[in-house]
Amino acid sequence: MKELFNTVSENCSKLVTKSYSTSFSLAVNMLSPAIRNDIYNIYGFVRFADEIVDTFHEYDKEELMSQFENDYYAAHKAGISLNPILNSFQQTVRKYNIEDHMVQAFLKSMKADLHKTEYQTKAEYEEYIYGSADVVGLMCLKVFVNGDDNKYNELKDAAMRLGSAFQKVNFLRDLKDDFEVLNRSYFPNIDLGQLNAKSKQLIVDEIEADFDYAYKHGILKLPVEAKFGVYMAYRYYRRLLKKLKSVPSEKIMDTRIRISDPMKINLLARSYVKYKLNII
């Protein structure tokens, strides 16, 4: 039965999420059960593409990415793939009418990581973030609003700003690996080899502006099925940013910032209280 295979495929996407990101999987678990699998399906797809460009150094990454893209489009056309991650993702794409330009923008940014090492202009930087993060936020928003185009149009700018904030926090947290291991520099006009306090503060200010906009104009207006899970992810990333702010600019390359499991539980408990009291 195809239904059983689809269930197995979705379970694979869920396993990918839980294996690669305990923090994100915790947030997804706070979503309504009706939409969790579709968010797992989106994460599985974007995680596999990201793994190709960031991890599989001993293989032909361009060939792997080309095959991944071709297999996705074959799956989308046929309505099935024996790759369970692609099978579950194409189901979500079809179910929520996720436009192909979003998938194309995401793949374009992933493929840029195969050869582009430096982003020298704000336009290049913003285009990369749009594809690597903003459209992922838009894909998730498609699931959250479940076909309500008016709600989607109302919240799409905030979804993009939240995706941008998450990505920029990741950039700041992963400076050492991106710069020294992958030879990438995403922030334009900033010498990461000699990051100073002023340059770091400019990055932090940009992220905080994205967070503030996303919270006021997006998270507070999300459907009830999605609000708490997205708020939980927002709180987690804001805590990461707070810890990054406390690290001197000259030390940030040598410091691996993470949120401990007890702190995650603390964030969850405090966020839940606010949610139940209708503070958010």
Side-chain angles (χ1 to χ4, degrees), residues 20-21 23-24 27 46 50-51 53-55 57 105-106 108-137 157-219 233-261 263-264 266-267:
Y20 278 98
S21 179
S23 303
F24 185 75
V46 302
D50 194 59
E51 282 300 290
V53 299
D54 282 355
T55 305
H57 306 305
F106 170 73
K108 181 179 180 181
S109 286
M110 292 301 97
K111 287 185 280 189
D113 277 338
L114 294 172
H115 55 81
K116 191 171 181 63
T117 60
E118 188 173 354
Y119 289 78
Q120 298 181 332
T121 68
K122 186 174 177 62
E124 289 180 337
Y125 168 66
E126 290 178 344
E127 181 182 22
Y128 177 84
I129 290 179
Y130 173 77
S132 65
D134 294 6
V135 295
V136 179
D157 288 342
M160 291 168 62
R161 293 287 290 270
L162 188 60
S164 290
F166 288 171
Q167 181 69 295
K168 293 168 189 174
V169 170
N170 287 338
F171 286 164
L172 200 55
R173 181 194 61 189
D174 298 335
L175 277 182
K176 182 178 179 66
D177 285 345
D178 284 341
F179 187 64
E180 295 183 358
V181 179
L182 299 174
N183 192 33
R184 295 181 195 149
S185 177
Y186 292 107
F187 296 112
N189 302 316
I190 292 178
D191 182 0
L192 297 182
Q194 300 181 33
L195 183 67
N196 58 41
K198 181 179 179 180
S199 296
K200 181 191 168 193
Q201 189 59 49
L202 287 173
I203 295 170
V204 169
D205 290 345
E206 186 178 302
I207 296 170
E208 290 188 327
D210 285 336
F211 272 137
D212 289 344
Y213 185 94
Y215 179 74
K216 294 174 185 176
H217 301 283
I219 293 173
Y234 161 84
R235 285 291 305 276
Y236 170 79
Y237 270 90
R238 289 221 78 147
R239 179 53 62 94
L240 268 180
L241 181 61
K242 183 178 180 180
K243 295 191 74 171
L244 286 162
K245 286 170 63 176
S246 69
V247 179
S249 57
E250 65 273 14
K251 300 277 189 183
I252 201 163
M253 282 282 199
D254 303 317
T255 307
R256 176 63 179 179
I257 298 296
R258 64 182 299 274
I259 305 297
S260 68
D261 289 341
M263 179 55 70
K264 290 176 186 176
N266 180 269
L267 282 173

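- A salt bridge between R184 and D174 is absent, with no side-chain N of the basic residue lying under 4.0 Å from a carboxylate O of the acidic one.
- Residues A105 and V135 share a closest heavy-atom pair of CB-CG1, 4.0 Å.
- Under the rule for a side chain to side chain donor-acceptor pair (under 3.5 Å), the partners of N266 that lie at least two apart in sequence or sit in another chain are R270.
- No donor-acceptor distance shorter than 3.5 angstrom exists from the side chain of K111 to the backbone of V53, with no hydrogens or angles considered.
- Scanning all heavy atoms of the two residues, the minimum distance from S249 to A197 falls at OG-N, 3.2 Å.
- Here the OH atom belonging to Y128 is positioned 11.5 Å from the NZ atom belonging to K116, to the nearest 0.5 angstrom.
- V169 is listed as a side-chain neighbour of L244, based on a closest heavy-atom distance under 4.5 Å.
- Across every non-hydrogen atom of G163 and A133, the tightest pair is O-CB, 3.3 Å.
- Judged by distance alone, the side chain of K168 and the main-chain N or O of I129 form no donor-acceptor pair under 3.5 Å.
- The shortest distance between side-chain heavy atoms of V204 and L172 falls below 4.5 Å.
- Remark: the backbone N or O of K243 is paired with a side-chain donor or acceptor of S246 at under 3.5 angstrom.
- Contact check for F166 versus V136: no side-chain heavy atoms found under the 4.5 Å cut-off.
- For D205, the side chain to side chain donor-acceptor pair (under 3.5 Å) criterion is met by Q201, not counting sequence neighbours.
- Between atom CG of residue D212 and atom CD1 of residue I207 there is a gap of 12.0 Å, rounded to the nearest 0.5 Å.
- In terms of modelled atom types and a separation under 3.5 Å, the side chain of K108 and the main chain of E127 share no donor-acceptor contact.
- Across Y119 and A112, no two heavy atoms sit closer than the pair OH-CB, 3.7 Å.
- Of all heavy-atom pairs spanning G137 and A159, the tightest one is O-CB, 4.0 Å.
- Under the 3.5 Å distance criterion, the side-chain polar atoms of N196 are matched with a main-chain donor or acceptor of S199.
- Applying the 6.0 Å contact sphere to NZ of K242 captures no more than 12 heavy atoms from other residues, nucleotides or ligands.
- Y237 places none of its side-chain heavy atoms less than 4.5 Å from the side chain of I259.
- Across A158 and G218, no two heavy atoms sit closer than the pair CB-CA, 3.4 Å.
- How far CG of L241 is from CZ of R173: 12.0 Å, rounded to the nearest 0.5 Å.
- Taking the six-membered ring where tryptophan is involved, the planes of F171 and F187 are perpendicular, since the angle between them exceeds 60° and thus also 30°.
- The OG atom of S132 sits 7.5 Å away from the OH atom of Y186 when rounded to the nearest 0.5 Å.
- Here the CG atom belonging to D54 is positioned 9.5 Å from the CG atom belonging to L114, to the nearest 0.5 angstrom.
- Interatomic distance, Q167 CD to S109 OG, rounded to the nearest 0.5 Å: 8.5 Å.
- For the pair E51 and Y20, the minimum side-chain heavy-atom distance is below 4.5 Å.
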